[in-house]
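We number each residue from 1, following the sequence as shown. Predicted, not measured: the structure shown is a model, and the values here were computed from it.
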Amino acid sequence: MPPAPMWSPELRRGLARLLTFALLCALGLVVGAPAQAATNLVRNASMETSAKGFPQCWKRTGQGKQNFSYAVTPTARTGKAALKITIGAFTSGSRGAVMDCAPTVTEGRQYDLSVWYTSTSAATAMTLYRHDAKAGWQYWTDLATLPATKQFKQKTVRTPPVPAGTDQITFGVNLYGAGTLVTDDYKMVDATIVAPKQACKRCAAGQWRVMPYQSSVRAIHAAVLRNGKVLLVAGSGNDPNAFKAGTFKTAVYDPANGSFTDVPTPVDLFCAGHVALADGKILVMGGTKDYAAADGSVGYKGLADSYLFDPATNKYTRTNDMSAGHWYPSATVLGNGDVISLGGLGADSTGTTVTEYFDASEGRWLAQNEAVQTWEWWGLYPAMVLMQDGRLFYTGSHTFGSGLPGAGARLYDYPNGKWTDVPGLQNKDYRDQSMSVLLPPAQAQKVFTVGGGNGDVGATAGRLTDVIDLKAANPRYTAGPLLPLGKLANGQTQAANTGKMYVSLVLLPDGTVFETGGGLHNRADPVFEASIYNPATNKFAPVAADPVPRTYHSSAFLLPDGRVMAVGDNPGNGSFDTRISIYTPPYLLSGTRPAITSLASNQWGYGTTQRITVDRAVARASLIRPAAVTHSSDPNQRFVELPMTVNGNTIDLNMTNNPNIAPPGWYMLFVHGANGVPSVAKWVKVG
C-alpha cells in the first residue's frame with residue numbers, strides 16, 4: 001500500500017490546535033475586556049500577578065491524552081514569576097496558554113508579537129487566534145515553530161494583515177509533546193507600515209499588452225517551470241489531422257526574451273494531466289489515444305502513458321504506465337510529495353474509475369492493487385484540492401457534462417477509500433469549466449469556485465460564485481458575489497443573468513485573485529471582462545479586459561515578475577488563437593517595488609526559520625506555487641503566508657510545519673511593500 005498522506009506529526013499538531021481552540025471557545029475561555037491602547041497591548045505580560053495559582057489575564061488551553069501540569073515558577077526571565085507547562089507521558093494533543101484579556105485590533109494592520117521562553121522540546125509552536133465579530137473565535141495560523149533552548153530566548157513574529165471582520169486577536173505558545181515549557185515577558189505592539197498613497201489612480205485597471213509574436217504551439221497546457229520559463233504543451237492541439245500525422249508538439253517559452261524552444265513530444269499529450277513534483281520536474285499523465293468518431297458513436301480514448309519533463313534538459317522521459325487510460329485526468333500533489341490522479345476517459349472511451357497513485361520516492365505509478373480504490377468515476381478534470389488534514393476536496397469544478405451525483409462537491413479520504421457529500425454548491429450541474437482556487441492564504445483553508453455552464457446541453461454560462469471554509473466543523477458552500485458583467489464581441493454588455501465558462505483564476509502576490517477570460521457558450525461567444533477578487537472583502541473590482549478572446553483551451557497564470565500571462569482560444573470552427581497577452585496588474589503601477597537582495601538558503605525545511613534581506617521595508621511575505629494549468633483547472637495553485645520577524649532590512653520568515661499547507665516543491669517567494677507592490681520572485685525549494 002502507498003504511504004498514507006494524512007496522519008503526519010504535523011497534521012496531528014494541526015488537528016490538536018483546532019480541537020484545543022474549539023474546546024476553549026466552547027468553555028467560554030477566550031473572553032475579557034479589551035486592553036487599552038498602550039505600547040505593549042498584552043496585560044500582565046510578565047506573569048507577575050496571579051489568582052488561584054495562575055497568571056491573571058491568561059487561560060489554560062489544550063486537549064488530548066497526556067499527563068500535564070501548570071505552575072507559576074520563580075525561574076523567570078524578569079521579575080519573580082513565569083508560566084511553566086510540563087507534559088510527562090504523552091499520547092496525543094497539546095497544552096498551552098493564551099491571553100484571556102484579548103486586545104482589540106484594527107483590520108488591515110499588523111502587530112509584532114513576542115515571547116521569551118525556554119523549552120526542552122522542539123514540539124513547540126507560537127499560535128495565533130482571531131475573533132471574528134460575527135463568527136466568534138477562530139484558529140488563525142501558527143506563527144512559528146520554536147526550537148528547544150535551555151536559556152531564555154526571544155521569538156518575535158509579525159502577524160499578516162488583520163483580516164476583515166476581526167476585532168480581537170490572542171496568541172500563546174503550545175507544547176505538542178513531552179517536555180517542559182516556560183514562557184515570560186510577552187509583548188504585542190502595532191507594527192503597521194503606513195502605505196503611501198497610490199500615485200496613479202488611472203492605473204487601477206492595470207494594462208494588457210498583446211505580444212508582437214505568437215506562440216509556436218497551440219498552448220493547451222501550461223506549466224511555469226522553476227527556472228521561470230513556461231512549458232507549453234499542445235500534443236496534437238485538438239487538430240485531428242495533426243493526430244493522424246503523429247505531429248505532437250511542445251515548446252518552452254522564455255518570457256525574458258520571447259524565445260521558444262521546441263521539445264520532441266513522444267505521444268499525444270493533448271488533454272493530459274500534469275503537476276510539478278518536489279524536484280521541479282513536471283509529471284505528465286494520460287492524453288489522447290484516439291479522437292472521437294465524427295458521427296459521435298465512439299468518444300475520445302485515453303492513454304495510460306506517463307512522462308517526466310525535466311526543465312534542466314528540456315526532455316521527456318517515460319515512467320511506467322498508469323493502470324488505466326486517462327483523457328482529462330486530475331493531478332493533485334500530496335503533502336508527502338506523491339500524486340493522486342482521478343477521472344477522465346479510459347482506453348475504451350468510458351469513464352475511468354481507477355484511482356492512480358504516483359509514489360514520488362520510487363518514481364513510479366503503483367499497481368492497481370497497491371492503490372486504495374473507490375471505483376468511483378470523478379468526471380473529467382475534477383478539481384481536487386489538498387486540505388490541511390490530508391484529505392482532498394472535490395470542489396465541483398469539472399469539464400463537460402453535469403456535476404457528479406449528490407451535492408456536487410465532496411470530501412475525499414484517500415487512505416480509507418471514502419468520500420462524503422458537501423452541500424451548498426449553487427446550480428451544481430452547470431459548473432462545466434468553472435474554476436476553483438484555494439484562496440490566499442492557504443492557511444485560511446477557503447476555496448473559491450467561479451462561473452461555469454454545461455457544454456453538453458448548450459446552456460448559457462452563469463455568474464455564480466461560491467466560497468467554502470474547509471476548517472468549519474461541517475463545511476458547506478455559501479454564495480459569493482456575482483461575476484462582473486463584461487462586453488460581447490459586438491461591444492454590447494452581456495445580459496445580467498449570464499456569466500462565463502472557461503474562466504481563469506490566478507493567485508496574485510498581493511493576496512488577491514485575478515479573474516479573466518471565458519465565454520457564454522461551449523466554444524463560442526467570448527466575454528471580454530476581467531476583475532480582481534479580494535478575499536478579505538469578498539468583492540470583485542473590475543479591471544481592464546484582455547483584448548484577445550479567451551474561451552475553450554485558454555489559460556492564464558502568474559509569472560515570477562508578478563505579471564499574468566494568458567494564452568489560447570479554440571472556438572468551434574477548429575481555429576486556434578496563438579497570440580500571447582501579458583497583464584500588468586495595478587500593483588505594478590502603484591510605486592517602487594521592493595527587492596529581495598539575498599537568501600541565506602533556497603532549501604527550506606518545514607517548521608524552519610529562513611533569513612532573507614530586502615532593500616526596503618516590507619509588510620508581507622508569501623510563497624506561491626507555480627501554475628500547471630489546463631481547461632480552467634489548476635487545483636495545486638496556492639499562496640502560503642510567511643509570518644515575519646523583522647529587524648531592519650533583515651527578515652526571518654517562518655515556514656509552516658504542515659506539508660499539506662505547502663506540499664514539497666519549488667515555490668516563488670515574494671515580499672510585498674505596504675502599498676501592495678510585490679518584489680520579483682526568488683525561487684525556493686520547500687520540503
Side-chain angles (χ1 to χ4, degrees), residues 5 221-226 230-231 233 272-286 306 308-309 311 326 328-344 356-358 360 378 381-395 397-399 412 414 434-449 470 504-508 513 555-560 622-641 656 658-669 681 683-687:
H221 306 265
V224 177
L225 305 173
R226 61 180 174 84
V230 183
L231 179 70
V233 182
H274 40 73
V275 65
L277 299 180
D279 60 4
K281 294 177 182 176
I282 306 298
L283 176 66
V284 186
M285 71 288 296
S306 172
L308 290 172
F309 177 82
H326 294 266
Y328 282 55
S330 73
T332 301
V333 66
L334 304 177
N336 60 5
D338 294 348
V339 174
I340 281 182
S341 182
L342 297 160
E356 307 280 6
Y357 191 102
F358 185 80
W378 291 87
Y381 284 132
M384 312 291 293
V385 175
L386 178 67
M387 298 168 57
Q388 68 177 10
D389 63 6
R391 292 179 295 170
L392 297 177
F393 173 55
Y394 167 60
T395 71
S397 286
H398 61 279
T399 303
Y412 174 39
Y414 166 75
S434 61
M435 190 166 182
S436 300
V437 291
L438 183 65
L439 286 172
Q443 289 92 332
Q445 292 287 282
K446 291 185 177 181
V447 169
F448 190 44
T449 296
L470 296 174
S504 291
L505 300 178
V506 181
L507 302 186
L508 297 180
V513 181
S555 299
F557 44 89
L558 181 70
L559 297 175
S622 63
L623 297 175
I624 297 183
R625 191 174 182 90
V629 61
T630 187
H631 292 78
S632 299
S633 182
D634 184 5
N636 300 288
Q637 195 176 178
R638 55 186 57 213
F639 173 115
V640 180
E641 191 81 60
T656 177
N658 185 350
N660 295 325
I661 293 292
W666 287 88
Y667 286 73
M668 294 178 283
L669 168 65
W683 288 92
V684 299
K685 186 180 181 183
V686 170

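- Thr399 is not listed as a side-chain neighbour of Ser632, based on a closest heavy-atom distance of 4.5 Å or more.
- Considering all non-hydrogen atoms of both residues, Gly687 and Pro664 come closest at CA-CB, 4.4 Å.
- Judged as a side chain to side chain donor-acceptor pair (under 3.5 Å), and not counting sequence neighbours, the contacts of Thr630 are His221.
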Leu342 and Tyr412: CA distance, side-chain angles, deciding distance, side chain to side chain contact (heavy atoms under 4.5 Å, CB included) verdict:
CA-CA 11 Å; Leu342 297 160; Tyr412 174 39; 3.7 Å; yes
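- By the side chain to side chain donor-acceptor pair (under 3.5 Å) test, Arg625 is found to be paired with Tyr667, residues two or more places apart in sequence or in another chain being considered.
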- [ ] Under the side chain to side chain contact (heavy atoms under 4.5 Å, CB included) rule, what do Leu283 and Val339 come out as? Steps first, then yes or no, please.
- [x] CA-CA 9 Å; Leu283 176 66; Val339 174; 4.1 Å; yes
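- Looking at heavy atoms from C-beta onward, Leu386 lies in side-chain contact with Leu392 at the 4.5 angstrom threshold.
- Distance check, rounded to the nearest 0.5 Å: CZ of Phe393 to CZ of Arg391 gives 10.5 Å.
- When side chains are defined from C-beta on, Glu641 does not count as touching Thr656, because their heavy atoms never get closer than 4.5 Å.
- You'll find the side chain of Leu623 stays beyond 4.5 Å of the side chain of Arg638, heavy atoms only.
- The two residues Val284 and Ala272 have their closest heavy-atom pair at CG1-CB, 3.8 Å.
- Residues that satisfy the side chain to side chain donor-acceptor pair (under 3.5 Å) test with Ser434, not counting sequence neighbours, are Ser397.
- Taken from OG in Ser555 to CE in Met435, the straight-line distance is 8.0 Å, to the nearest 0.5 Å.
- Atom-to-atom distance recorded for Leu231:CG and Phe309:CZ is 5.0 Å, nearest 0.5 angstrom.
- Of all heavy-atom pairs between Gly337 and Ala360, the closest is O-CB, 3.4 Å.
- The distance from atom CG of Leu277 to atom CD1 of Ile282, rounded to the nearest 0.5 Å, is 7.5 Å.
- Across all their heavy atoms, Val333 and Pro663 have their closest contact at CG1-CB, 3.8 Å.
- The shortest distance between side-chain heavy atoms of Trp683 and Met668 falls below 4.5 Å.
- Phe358 places none of its side-chain heavy atoms less than 4.5 Å from the side chain of Asp338.
- By the side chain to side chain contact (heavy atoms under 4.5 Å, CB included) test, Pro440 pairs with Leu507, Val513, Pro535, Phe639, sequence neighbours left out.
- Side-chain contact between Leu508 and Leu558 is present, with heavy atoms from C-beta onward closer than 4.5 Å.
- Nearest heavy atom pair, residue Ala662 against residue Val686, reads O-CG1, 3.9 Å.
- In terms of modelled atom types and a separation under 3.5 Å, the side chain of Asn636 and the main chain of Ala331 share a donor-acceptor contact.
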Yes or no on side chain to side chain contact (heavy atoms under 4.5 Å, CB included) for Val230 and Phe557, after CA distance, side-chain angles and deciding distance? CA-CA 10 Å; Val230 183; Phe557 44 89; 3.8 Å; yes
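- Interatomic distance, CG of Leu439 versus CD of Gln637, reported as 10.0 Å (0.5 Å rounding).
- Within the 4.5 Å cutoff, no side-chain heavy atoms of Asn660 are placed close to those of Met387.
- When the salt bridge (Lys or Arg N to Asp or Glu O under 4.0 Å) test is applied to Glu356, no partner is found at least two apart in sequence or on another chain.
- In this structure, Asn658 contributes its side chain and Gln388 its backbone to a donor-acceptor pair below 3.5 Å.
- Under the side chain to side chain donor-acceptor pair (under 3.5 Å) criterion, His631 pairs with Tyr328, His553, sequence neighbours left out.
- Distance check: Trp666 CH2 to Asp279 CG gives 10.0 Å after rounding to the nearest 0.5 Å.
- Listed by chain and number, the residues in a side chain to side chain contact (heavy atoms under 4.5 Å, CB included) with Pro382 are Ser330, Trp378, Met384, Tyr394 (sequence neighbours excluded).
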